[in-house]
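All remarks here apply to the structure that follows.
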Amino acid sequence: MEEVELDFQMPSNSVVPQSGSSDSSSQENLGTRTLHFNCPNVEQSFERNRISTGKYNFATFIPLFLFEQFRKAFNIFFLIICILQQIPGVSPTGRYTTIVPLTFILLVAAIKEIIEDYKRHRADDAVNNRLIEVFREGKFTELRWTQVIVGDIVKVVNGNFFPGDLVLLSSSEPQAMCYIETSNLDGETNLKIRQGIPATTGLQCSEDLNSLSGSIECEGPNRHLYDFCGNIKLGGDSGRSIPLGPDQMLLRGAMLRNTQWIYGVVVYTGHESKLMKNAKRAPLKMSNLDRTTNMQIWFLMVILIIISLASAIGSEVWKKMPVDRWYIDDIGSGARGFFMELLTFIILYNNLVPISLLVTLELVKAIQAVFINCDLDMYYEPSDTPAMARTSNLNEELGQVKYIFSDKTGTLTQNYMEFKKCSIAGVKYGETANQNGDTFSDEDFLERVHNPKVDQDDYVRKFITIMSVCHTVVPEHVKKLNSNSISNRDETDFDLDMDNIQYQSSSPDEAAIVKAARKMGFIFSIRTPTHVTVKALGKDESYEILNVLEFSSTRKRMSVIVRCPDGVIRLLCKGADNVICERLSPDSHFQLETENHLREFAREGLRTLCFAQTELDEDAYMEWNKGAFYKASTAVIDREGQLEAAYDLVEKNLDLIGASAIEDKLQDGVPETIATLAKADIKIWVLTGDKQETAINIAYSCKLITEKMSLIILNETTLDGVRETIMEALNEIGSEFLRQENDVALIVSGMTLKHALCADVQSSFLDLALSCKAVVCCRVSPIQKAEIVDLVKHRCKAITLAIGDGANDVSMIQAAHVGVGISGHEGLQAANSSDYSIAQFAYLQKLLLVHGAWNYNRLAKCILFSFYKNICLYLIELWFAFFNGFSGQILFDRWTISFYNMFFTSLPPLSLGLFERTCSSENMMKYPQLYSISQRAVKYNAGVFWKMFANSTVHSLLLFFLPTFLLWQDVAFSDGKVGGYLFLGNFVYTYVVITVCLKAGMESATWTIFTHLSVWGSIIVWFAFFGAYSHFFPVIPIGAEMLGQADNVLASPLFWFGLILLPPAVLFRDLLWKVFRRRFRKSVVEEVQEMEMEHIDPTNTIMQAAKQSLSEKAHLLKNMFGVSGRSVAGDIPLEISEEHRPISSSVRSLQDPNLGFAFSQEEGGVVSQSDLIRQYNSERSKPEGN
Amino acid sequence: MSRKPENTAFKQQRIPAWHPLLTAKSVFPTFLVVSVAFIPIGVVLLVNSQNIIEIMHDYTDCTSVEDNSVLCSSVRLNQSRMEETCTCQINVSFDTSMSGDVFMYYGLTNFFQNHRRYVKSRDDNQLIGQHVTQSTVSSECLPFAYLPNGTVFAPCGAIANSLFNDSFTMIRDTTVVPFLQTGIAWPTDYSQKFNNPSPVNDLSQAFSSYIRPLFWQRNVEDLDTVTSNSGYQNEGLIVWMRAAAFSHFRKPYGRLDRSSSEFENGLSVGNYIINVSYNYPVTAFGGHKRFILSTTNWMGGKNNFLGIAYITFGCVCMCIGVLLCCLHYHARKRHVVHVDK
């Protein structure tokens, strides 16, 4: 097993904190379960195999929904207002003026919840209704996943997911082996092998199954992915118990690969499966913007209390005045009176807090999420996957990201290897064909293969021989192309040639090499336990496999000893450059050239392997095989070590043939995306469970690390060592460059990280990491990934984004502010626990730079405007209070007030929140600098809020006092009639609605049709409502005061003169400020906008702006790092020598990573590599398993 | 079925849009146009307003005609002398004639008609002509809703209770200047909001089960001799019932009856005497009463504010417009970009 898995099982006494839920869930599941299979008589009741991730069902919707809603302080506040309004005599606005809008708003929220939950149920149904062959009543029948019950025997065919947690009984492969892909679960590249117990291996068809019955006793459902403990009893109670372990376990979420079919007994189903047990409900994340907004709502509540108190005090003062106001009934003073007044004012001013804000935000965000989902630029055609916003809470957070933590496998890479280039006997091949095709092809190369003439061609032949013979790949002859049994999901892995040979391998590198050899005409076609047969240019050549010297990450090489068709015993070896070089014979050629080529390959980010061979003397071989090897392979103590020593004895005097370069294929556009994101001042850290070499390779190939950068590699295993090297590195960087972007890349290994994350080293580690342009962490466990994210999240106060595709990324996806999952492979757990899922890493660019920045800007405007409009209207009540003896009288009609947020000003925030665009999406992508506006929260923070507050206070003052002066003389008609308080109120209200709508228009940089509708529409809606409402009474018994208002207000010339003058006068300052700002302190955005208008390409402007801030630092850095590290190696590749090695070798790598060795292979698995190849006989046809 | 999103302008966020840019260049013409339009409007408004003649007289502390040694206000302060009549005489003379419609107003200061407990203290159902009893009368009227014996006030509530009850008679030489006390309320109020209870043609019968408000000297059906201006439909009452916005307000009392040839063209130059029947106590709450005569123009009463506001805003626009214009032509020479730091 790879280390990644070990980390999952890390004992709880380790320094790494375990996630909280593990204790509770393991506690409750300590029991065991016993299940019977093929025993129709035994009643068993277990959890159904139905999963449900929905929040509600019919019965629970109303209570749960109300509970959710009234958990928010915001809604509680309005509920309290509703209740207060029921106290007789207290409410200035009647009893129902809060309850109606609140109900309306809850209704809108409820509809939104219902739609979202419906979608979840639909998605669940899609999974629940997948089909699977289940063994019932003596034959296999196709049933839905939901119909599968514990104890069922199911048949899973290649390329399909396991419907539950299964115990493997038998498979189409020898000895009940099968390959599974667990990248859903742990993100690992290589396939894993599982093997059934020998007792069940023979079950190959339905008849066999018919005669089978038994029971399995195992532990109760739990969340430990890599533990399983159980016993199987065959043939009733009398049978013998045979132990079962994780090697027999096939987990839900994994997929059967390279295996035609398996039989398995279902052990855990539905929510009891280990995958589901592991799936914690994604933690509710709150965006930065939401937090700020919450804060401001609290501020407003405090202000509300303050002005209510002040008004209540004012009321007391007014009442205490020594005059006899005989026309008003005596109102109670004293403590009770004061308290009642206070409640009155709280009700009066409650709308300072915009009641519709939350629901507006929810709606806006939900539709923004739809925009994300519908973006064609983020739709991945090949897998038919659109982007998906799984939560809409974080849309604007996407615009504020400062750190991206990316997984490697499946995120940056496609998880697909391809043979790209090679260097044979000092000559490079595959160079030319690179541009057009993505696979290896080289005319010259093929020519040499087919028509060998010179010496060089001999080497080519040898090279291909090693490619096609030295590996552990198993060929499989597929008789017919059965599209039912083979999912066409991932065509590339089922590459079929004319002979219909399919290669099975747990190492993607080896598969790539063998496939490449096949393309060159050397078809590896048959593997028997003792031989491999290669169809070399149409002629079968048989090689006898004498020994397999296994690959391990310490040996970094694997060899086979074969007897070639010419009878000579040869050792064919492939491995890392440094281990091969050590073992070359003194007269081996091309070392220098090969090394140079390796370096070139490495610079392109290719994974390199060196190929070498040697001839073994028959006698010498026999001696070794019978002597050293035999002794080692039968040793009881440290067999592994002894074997390695034995291998060492023969792997010497090698003759270097060449080197291969395999591309761990990057996803499309990864380097470009990384470059763009870097320009947007986003730091990208790669956190991978993979090996250091692979990680560095990928970092190079995706241009995260460039040749110019120096590397700091932390590979320490002790706390003191870690501390020392970190301090040393920090000194080297120098304090003045600390936490700045230096041209340095930091490579950290998991072991080092374990110590580096300790409390006392943490901050200096962070200092170091933040001083580097690129950070790559390799061999990190899922928990460590989360810890790194947490560290940056809490120490840097910056918004973090984690992106990954596997279950091993889930913890970091959940820890980060924003979690992004790579989707496309069905049912991915990472995507399911993420906040956003996209099919390609490159889509991150549009997601952040366009959607994120836009959404941030939109929401900022939307929220600010929502606050603005409410303050603007409701503060007028305060100004009016100064004139009505602080009695709590409202200036407007009660229903017009409560409909303000619902109808007359609800559309402008929506149009701001949905359709506002600062710059076009093309320019947002083209000029990542624009991202910094949202990233630095320029448009919405406490300062902006208070400015807005001041502004709207001034507006409300103007909007109250200007109409007051306008009507000070009372006489508003040519026939001498006068108005009243509500007459003034309707003037003011109309002016407020118009001002506020125009203000929304002024804030819109983009006037779509919806902006027009919302601005003018709202005004029209108010006038329409005003007209209608003025005629309700007495037919509808509300609004008696409003009766006839519209007729008279609209008939007053004063009203119309005020209408023309007042809104522009109120907004005059705002307009002027905008003009002056654009004139004197023009921002980059505004510049781009202007250029867009004039259809000029704004490149020059941006470049100038960016240069100013960059050039200075770049200059300093050049002085600093110009002479050390890789930059020199890159320039003069030949002369890599000790004096050019980095200054402090302890900081630098223990090995030179420049040559790009990387190889992935399952190590220490259930079946060893040599056992594996000894068990296969591809000449024998496999059972059909029907 | 493909999950490919639809390529619509809405979903792809490519809805055609207008991008207004608030630059000096685009804004200064607007400012100039606004100023050019607003300044003349302001001038017209101001001149119009200046042409209105308004005569105002504060008679709060006028002396009683009956007893020259006392002030009517002090008579009204004394609870025991409430029933006594007290009359004041106001002499006004004007040097320019008040041509056209002339309106008579009374003005009150420091009277909080806009107080919440005052504003709500009315029963609109009663005023629209529904019969109410102790149990159906709006509780908002309390404590001016009914007597302890359950007889409901007509009309109920604090507003009605405090109905302004001074009356004015204007005399020139010996002729009483005819002022109509109708046509002063909003037509909508008169026709829709205020109606007498049934039987409409016999008001004493209609109001027989009610009692007049505590502070009233007359029953509601006796507010005017004309039936159409009596009961709840009395325009003086209707005007009073429309609560004013501020504690300083005026309300129409009457309009000049220009049907006779003498007053066809309004009030000519001369001396006038106004006899005020001083009933309404205001000194208790520190208020003042005014008598106002005013002409109007097409946009209402004397209102300098609007004209001044238009002129001011027009001037500001003019200045800024010119400034922006200069800035614009200056700006064309150099382009500077400031990076948001």
Side-chain angles (χ1 to χ4, degrees), chain A residues 92 323-329 331 371 374 376 379 384 386 883-885 887-889 933 938 965-966 969-974 976-978 980-981 984 1005-1009 1034 1040 1043-1044 1047-1048 1053-1054 1057 1061 1065 1072 1074-1075 1078-1079 1081-1084 1087 1089-1090 1093 1101 1104-1105 1108, chain B residues 2-5 7 11-13 15 17-24 27 101 103 112 114-119 124 128 143 158 162 184 186 188-189 192-193 242-246 249-252 255 284-286 296 298-303 305-306 309-310 313 320 324 327 337-340:
Chain A
V323 286
D324 171 24
R325 297 194 184 89
W326 51 265
Y327 52 91
I328 308 174
D329 69 318
I331 359 156
F371 284 145
C374 289
L376 271 177
Y379 168 72
D384 189 27
F883 294 89
N884 62 32
S887 60
Q889 175 58 32
I933 294 156
V938 176
F965 292 136
L966 186 66
Q969 321 273 329
D970 287 310
V971 184
F973 299 96
S974 59
K977 297 192 177 76
V978 297
Y981 82 94
L984 171 70
T1006 307
W1007 280 69
T1008 60
I1009 175 82
L1043 183 66
D1047 313 44
N1048 292 289
L1054 287 183
F1057 275 102
L1061 176 71
L1072 208 58
K1074 278 188 190 298
V1075 175
R1078 200 176 266 280
R1079 173 65 186 75
R1081 293 198 57 226
K1082 192 180 288 182
S1083 65
V1084 179
E1087 190 74 18
Q1089 284 175 345
E1090 281 173 34
M1093 282 302 288
T1101 316
Q1104 269 172 12
Q1108 285 177 357
Chain B
S2 171
R3 297 196 289 158
K4 186 174 182 172
N7 190 6
K11 288 188 173 172
Q12 300 308 320
Q13 306 196 64
I15 304 168
W18 169 52
H19 300 273
L21 288 184
L22 299 174
T23 57
V27 168
D101 284 332
F103 299 91
F112 285 82
N114 58 6
H115 194 278
R116 183 166 71 93
R117 288 175 185 278
Y118 186 84
V119 171
D124 284 301
I128 206 166
S162 58
I184 53 174
W186 287 9
T188 48
D189 282 357
Q192 294 168 32
K193 206 170 165 183
R242 184 161 286 289
F246 299 103
F249 62 88
R250 71 172 71 172
K251 285 184 182 290
R255 58 192 171 97
F285 53 83
T296 59
W298 52 274
M299 52 173 296
K302 193 178 182 72
N303 194 339
F305 169 77
L306 204 51
Y310 265 85
F313 187 60
I320 300 290
L324 290 179
L327 280 179
V337 181
H338 292 265
V339 189
D340 258 1

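Residue numbering restarts at 1 for every chain, and letters A, B, ... go by the order of the sequence lines. Fair warning: this is a prediction, and the values are worked out from it, not measured in the lab. Note: hydrogens, waters and symmetry copies are ignored here, and every other heavy atom, side chains too, is used.
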Can you tell me which portion of [X] sits under 4.5 Å from chain B's heavy atoms? Options are side chain, backbone, both or neither.
X: R1078(A); value: side chain
X: F973(A); value: both
X: A1040(A); value: both
X: A1065(A); value: both
X: L966(A); value: both

Counting heavy-atom pairs under 4.5 Å to chain A, which of [options] comes out on top?
options: G301(B), A309(B), A245(B), A24(B); value: A245(B)
options: L324(B), V27(B), N303(B); value: N303(B)
options: Y118(B), F305(B), F103(B), W298(B); value: F305(B)
options: R250(B), H19(B), Q13(B), K193(B); value: Q13(B)
options: F246(B), W186(B), F285(B); value: W186(B)

For K1074(A), check salt bridge (Lys or Arg N to Asp or Glu O under 4.0 Å) against everything at least two apart and list the hits.
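Scan of K1074(A) (salt bridge (Lys or Arg N to Asp or Glu O under 4.0 Å), adjacent residues dropped) gives E1003(A).
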Given 3.5 Å as the limit, does a donor-acceptor pair link the side chain of Y310(B) with the main chain of F1057(A), or not?
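The answer is yes, because a donor-acceptor pair under 3.5 Å joins these two groups.
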Ignoring hydrogens and angles, tell me if any N or O in the side chain of N7(B) forms a donor-acceptor pair with the backbone of Q12(B) under 3.5 Å.
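Judged by distance alone, no pair lies under 3.5 Å.
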Toward chain A, the part of [X] with a non-hydrogen atom under 4.5 Å:
X: F313(B); answer: side chain
X: R255(B); answer: neither
X: A158(B); answer: both
X: I15(B); answer: both

Nearest-0.5 Å distance that lies between atom [atom1] in [X] and atom [atom2] in [Y]:
X: L1072(A); Y: I320(B); atom1: CG; atom2: CD1; answer: 4.5 Å
X: Q192(B); Y: I128(B); atom1: CD; atom2: CD1; answer: 8.5 Å
X: T23(B); Y: R1079(A); atom1: OG1; atom2: CZ; answer: 11.0 Å

Going through the checks in order, is the side chain to side chain contact (heavy atoms under 4.5 Å, CB included) test met by M299(B) and L306(B)?
CA-CA 11 Å; M299(B) 52 173 296; L306(B) 204 51; 3.5 Å; yes
Trace of the salt bridge (Lys or Arg N to Asp or Glu O under 4.0 Å) decision for R242(B) with D189(B)
CA-CA 9 Å; R242(B) 184 161 286 289; D189(B) 282 357; 3.0 Å; yes
Shorter than 4.5 Å, heavy atoms on both sides: which option in F371(A), Y379(A), Y327(A) has the most such pairs with chain B?
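Option with the greatest count: Y327(A).
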Given side-chain hydrogen bond (donor to acceptor under 3.5 Å, both in side chains), test T296(B) with D101(B) step by step and report yes or no.
CA-CA 7 Å; T296(B) 59; D101(B) 284 332; 5.4 Å; no
Sequence neighbours left out, what passes side chain to side chain donor-acceptor pair (under 3.5 Å) with S887(A)? Give chain and number order.
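Side chain to side chain donor-acceptor pair (under 3.5 Å) check on S887(A) returns N884(A).
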